[in-house]
Protein chains: 2
Amino acid sequence: MAGRAAVPEVIWSRPERTGRGPRPAYTRADIAAAAVRIADAEGLDAVTMRRVAGELGCGTMSLYNYVPRKEDLYELMMDAVSGEHELWEPSGDWRADMIRVAHQTRALMHRHTWLPRLMSPVYGFSPNALRYLEHCLSCLDPFQAPYGTKMELVAMVNGVVTTYVGNEIATAERTRSLPWSADEENAARIAYLGRQVASGAYPRLAASFAEDAGPIDLEGVFERALTRVLDGFG
Amino acid sequence: MAGRAAVPEVIWSRPERTGRGPRPAYTRADIAAAAVRIADAEGLDAVTMRRVAGELGCGTMSLYNYVPRKEDLYELMMDAVSGEHELWEPSGDWRADMIRVAHQTRALMHRHTWLPRLMSPVYGFSPNALRYLEHCLSCLDPFQAPYGTKMELVAMVNGVVTTYVGNEIATAERTRSLPWSADEENAARIAYLGRQVASGAYPRLAASFAEDAGPIDLEGVFERALTRVLDGFG
DNA sequence: CCTAGTTACGTACAACGTACGTAGTGCGCT
DNA sequence: AGCGCACTACGTACGTTGTACGTAACTAGG
C-alpha cells in the first residue's frame with residue numbers, strides 16, 4: 001500500500017524504455033497490434049491479459065511489465081487505431097471537412113467495432129489522439145470562433161459519431177448473433193411492442209410504428225444527425 | 001444445450017408470475033430497488049449477483065429464478081429509475097418541453113450515476129421507457145414533422161444527454177477518487193499536455209489551452225450542446 | 001389427490017485481473 | 001573493470017465473478 005502510484009499514472013507519461021535492465025522483447029506497438037488483432041477477430045471480450053500474452057508468445061505476467069493495468073492496454077489499443085486516421089490538407093470549407101472527418105471516423109469504427117465501447121466513457125490524450133485533434137482544429141481554421149467553441153464542435157461531432165455508430169454496431173451484432181433475419185427480428189419486435197401498444201396507452205407510439213414499417217436506414221439517420229449538429233453551429 | 005431459449009428472451013415478455021409452484025418471495029420491483037440501492041451507494045461494479053441476493057436476504061442462485069442473466073438485472077434497474085421521470089402536460093412549446101425533458105434526464109442521471117454506462121450501448125423498450133417515449137412524442141405534437149423525424153429528435157436528445165452527463169460523471173469521479181483538487185488536476189493535465197505541445201507540432205492545441213486556462217463550465221457546455229441540437233431541427 | 005412445473009439454495013467450475021516471489025540480465029556508476 | 005541495482009521474465013496463487021447443475025420443498029391445475 002505504500003509506494004504505489006501517487007500520480008495519475010497516465011501510460012503516455014512513462015517512458016517506453018528506461019535504459020536499465022535487459023531490453024524489452026516487445027514494443028508498445030507490438031502489444032497494441034496483438035490486442036487489436038484479437039479484438040477485431042473475436043470481439044473485445046476476448047481481449048484478456050492471458051490471451052494477449054499468448055498472442056505475443058510470452059507469459060501472462062510479463063505483460064504487466066509493459067502495461068500496469070488492463071485499462072492501459074485499452075488505451076494502447078485506442079491510440080493504435082487512432083493512427084489509422086488519414087490527415088489531409090484542409091480544403092477551406094470547414095463544414096465539408098468535418099463531414100469528411102465524421103465519415104472517416106465512422107468507417108474506422110466499423111473496421112474496429114469495439115471502439116465505440118472503449119470511447120464512450122471518455123477519450124484520453126494519447127499521441128495519435130492529439131494529432132487527430134490538431135487536424136480537426138486545422139480544418140476549423142476558416143470557422144470564425146474562439147477555440148473553446150471549436151473544441152465543443154469537435155467534441156460534439158465525435159460524440160455523435162460514437163453514439164450512432166455504437167447503435168449501428170449493437171444492432172448489427174444482435175441480428176448476426178441471432179438465428180433469424182432482420183425482417184423476422186423486426187417482425188418480432190413489432191409483435192412484442194404491438195402487444196404493449198394494443199392497450200391504447202401509447203397512441204403516438206402506435207402511430208409511429210404504423211408509419212414506418214420497413215427496416216431503418218441507419219446510414220441516412222447518421223447523415224441527418226451529422227447535418228443537424230453542424231447546422232446548430234451555423 | 002437443447003431447450004435453452006430459441007427466442008430473444010426479452011425479460012418484459014415473460015410474465016412475472018405463472019401461477020404454478022410456491023409464490024415468489026420477491027417482486028421484480030423489490031429486486032430492482034435492491035440493485036439500484038447498491039449501485040447508488042457503492043457504484044455499478046458493486047452490483048453482483050451475490051451482493052444483490054444478500055441485500056434481498058436470499059441465496060445467490062435464487063436470483064436466477066427471477067432474472068435469467070445479469071444483463072436482465074441491468075434492464076430491471078434501468079426500468080426502475082425510468083419510472084422516476086415526471087410526465088407533465090405538454091405546454092404547447094415543444095422546444096421548451098424538450099429542454100425540460102433533457103434537464104430532467106440529466107438530473108436523473110446525476111442521481112443515478114451508473115445510468116449513462118448502462119444506457120450507452122442501447123436503451124430497450126421497458127414499460128417505463130415506453131411511457132417516457134410516449135411522453136416525449138406528446139410534447140412534440142406541435143412539431144410539424146413525420147413521426148420518423150420526431151423519433152430521431154428524441155433519440156438525438158437522449159444521446160446527447162447520455163454522452164454529456166457521462167462525461168460529467170467521469171470527470172467528477174476522477175477528481176473525487178484522486179487525492180488532489182480540480183485545480184491541481186487541471187494543472188497536471190496542462191503540465192503533461194504542455195510537454196507534448198511544447199514540441200510545436202500542435203500549434204492550435206497550444207493556442208486552445210492558452211486561451212481557456214480555467215476549469216470548464218460543464219453545465220454551460222451541456223446547455224449549449226442541447227441548444228445546438230434543437231437548432232438543427234429548426 | 002396426484003403430478004408437473006416452480007421456487008429455493010448449496011456446491012462447483014471455469015475464467016478473470018493481478019499480487020507476489022524468484023531468477024536472470026545488462027546499463028550506469030565508481 | 002566490476003559492482004550493484006533497476007529492470008525483465010514468468011510460475012504460482014488468491015480472491016472474485018457469472019452461472020450450470022442437482023436436490024428438496026411446495027402449490028396450483030387435471
Side-chain angles (χ1 to χ4, degrees), chain A residues 1-5 9 11 13-31 34-35 38-39 42-77 114 117-118 177, chain B residues 1-5 9 11 13-31 34-35 38-39 42-77 114 117-118 121:
Chain A
M1 288 59 180
R4 184 65 66 175
E9 280 286 16
I11 194 170
S13 65
R14 66 161 53 175
E16 185 162 0
R17 178 102 169 86
T18 56
R20 286 292 255 287
R23 31 174 33 84
Y26 315 101
T27 66
R28 278 180 189 164
D30 293 334
I31 296 171
I38 295 169
E42 306 168 42
L44 186 60
D45 292 335
V47 177
T48 66
M49 299 301 274
R50 285 166 231 262
R51 184 82 179 70
V52 173
E55 183 86 5
L56 286 169
C58 70
T60 303
M61 293 313 290
S62 304
L63 253 191
Y64 282 90
N65 288 322
Y66 302 87
V67 166
R69 289 157 313 176
K70 196 190 180 182
E71 185 181 297
D72 295 306
L73 179 60
Y74 288 150
E75 203 94 22
L76 256 48
M77 293 172 68
W114 40 272
R117 245 175 76 185
L118 287 191
S177 75
Chain B
M1 288 64 182
R4 185 65 67 179
E9 279 286 15
I11 194 170
S13 65
R14 68 162 52 176
E16 185 162 2
R17 176 101 168 88
T18 56
R20 285 293 253 289
R23 31 175 33 87
Y26 314 101
T27 66
R28 276 181 191 163
D30 293 334
I31 296 171
I38 295 169
E42 307 169 42
L44 186 59
D45 292 336
V47 177
T48 65
M49 299 301 275
R50 285 166 233 263
R51 184 81 178 70
V52 172
E55 183 86 5
L56 286 170
C58 70
T60 304
M61 293 313 290
S62 305
L63 253 191
Y64 282 90
N65 287 322
Y66 302 87
V67 166
R69 291 158 312 179
K70 196 190 181 183
E71 185 182 298
D72 294 306
L73 179 61
Y74 288 151
E75 203 93 23
L76 255 49
M77 293 171 68
W114 40 271
R117 245 174 75 187
L118 288 191

> Does the A/Glu16 side chain pair with the main chain of A/Arg28, one donor and one acceptor, at a distance under 3.5 Å?
Replying inline: yes
> For the pair made of CD in B/Glu16 and C1' in C/dT7, what is the distance, rounded to whole Å?
Replying inline: 14 Å
> What is the distance, rounded to the nearest whole Å, between atom CE of B/Met49 and atom P of D/dA20?
Replying inline: 10 Å
>> If I take atom CG from residue B/Asp72 and atom CG from residue B/Leu63, how far apart are they, to the nearest 0.5 angstrom?
In response: 12.0 Å
> C/dA15 P sits how many Å from A/Leu44 CG, rounded?
Replying inline: 18 Å
>> Can a donor-acceptor pair be found, under 3.5 Å and without considering hydrogens, that links the side chain of A/Tyr66 to the backbone of A/Tyr26?
In response: yes
> In whole angstrom, what separates A/Asn65's CG from C/dA19's C1'?
Replying inline: 13 Å
> Atom CZ of A/Arg14 and atom C1' of D/dC7: how far apart are they, to the nearest Å?
Replying inline: 12 Å
>> Over all strands shown, is A/Thr48 touching base, sugar-phosphate only, or nothing at heavy-atom distances under 4.0 angstrom?
In response: sugar-phosphate
> When you check the phosphate oxygens OP1 and OP2 of D/dT8, does a side-chain N or O of A/Ser62 lie under 4.0 Å from one of them?
Replying inline: no
>> Need to verify one output field. Residue with the more 5' nearest nucleotide on DNA chain D, B/Gly21 or B/Glu71?
In response: B/Glu71
> Taking for each residue the nucleotide of DNA chain D with the nearest heavy atom, is it B/Lys70 or B/Arg20 whose nucleotide lies nearer the 5' end?
Replying inline: B/Lys70
> Taking DNA chain D as the partner, which of residues 50-57 of chain B come within under 4.0 angstrom of it by heavy atom?
Replying inline: B/Arg50
>> Strictly below 4.0 Å: does B/Tyr66 bring a side-chain N or O up to OP1 or OP2 of C/dA8?
In response: yes
> Is there side-chain contact between A/Asp45 and A/Arg117, with heavy atoms separated by less than 4.5 Å?
Replying inline: yes
> Pairs counted as Watson-Crick or G-U wobble with both distances under 3.5 Å: what dot-bracket string results for DNA chain C, using | for bases tied to another strand?
Replying inline: |.||.|||||||||||||||||||||||||
> Looking at B/Ile38 and B/Ala46, what are the two nearest heavy atoms and their distance?
Replying inline: CG2-O, 3.7 Å
> For D/dA9, does either OP1 or OP2 sit under 4.0 Å from a side-chain N or O belonging to A/Tyr64?
Replying inline: no
>> Rounded to whole Å, how long is the line connecting atom CE of A/Met61 with atom P of C/dC20?
In response: 10 Å
>> Checking B/Asn65 now: which residues fulfil side-chain hydrogen bond (donor to acceptor under 3.5 Å, both in side chains) with it, not counting sequence neighbours?
In response: none
>> From CG of B/Leu73 over to P of D/dT19, roughly how many Å is that when rounded to an integer?
In response: 10 Å
> Do you know which two heavy atoms are closest between B/Glu75 and B/Ile11, and how far apart they sit?
Replying inline: CG-CG2, 4.3 Å
>> Which heavy atom of A/Thr60 sits nearest to which heavy atom of A/Ala53, and what is that distance?
In response: CA-CB, 3.6 Å
> For B/Arg17 and B/Gly21, which heavy atoms make the closest approach, and how far apart are they?
Replying inline: NH2-O, 3.9 Å
> With no hydrogens and no angle check, is any side-chain donor or acceptor of A/Tyr74 less than 3.5 Å from a backbone partner on A/Leu118?
Replying inline: no
> Nearest-Å distance, CG (B/Asp45) to P (C/dC16)?
Replying inline: 18 Å
>> Go nucleotide by nucleotide along DNA chain C from the 5' end; which of B/Cys58 and B/Arg17 gets its closest nucleotide reached first?
In response: B/Arg17
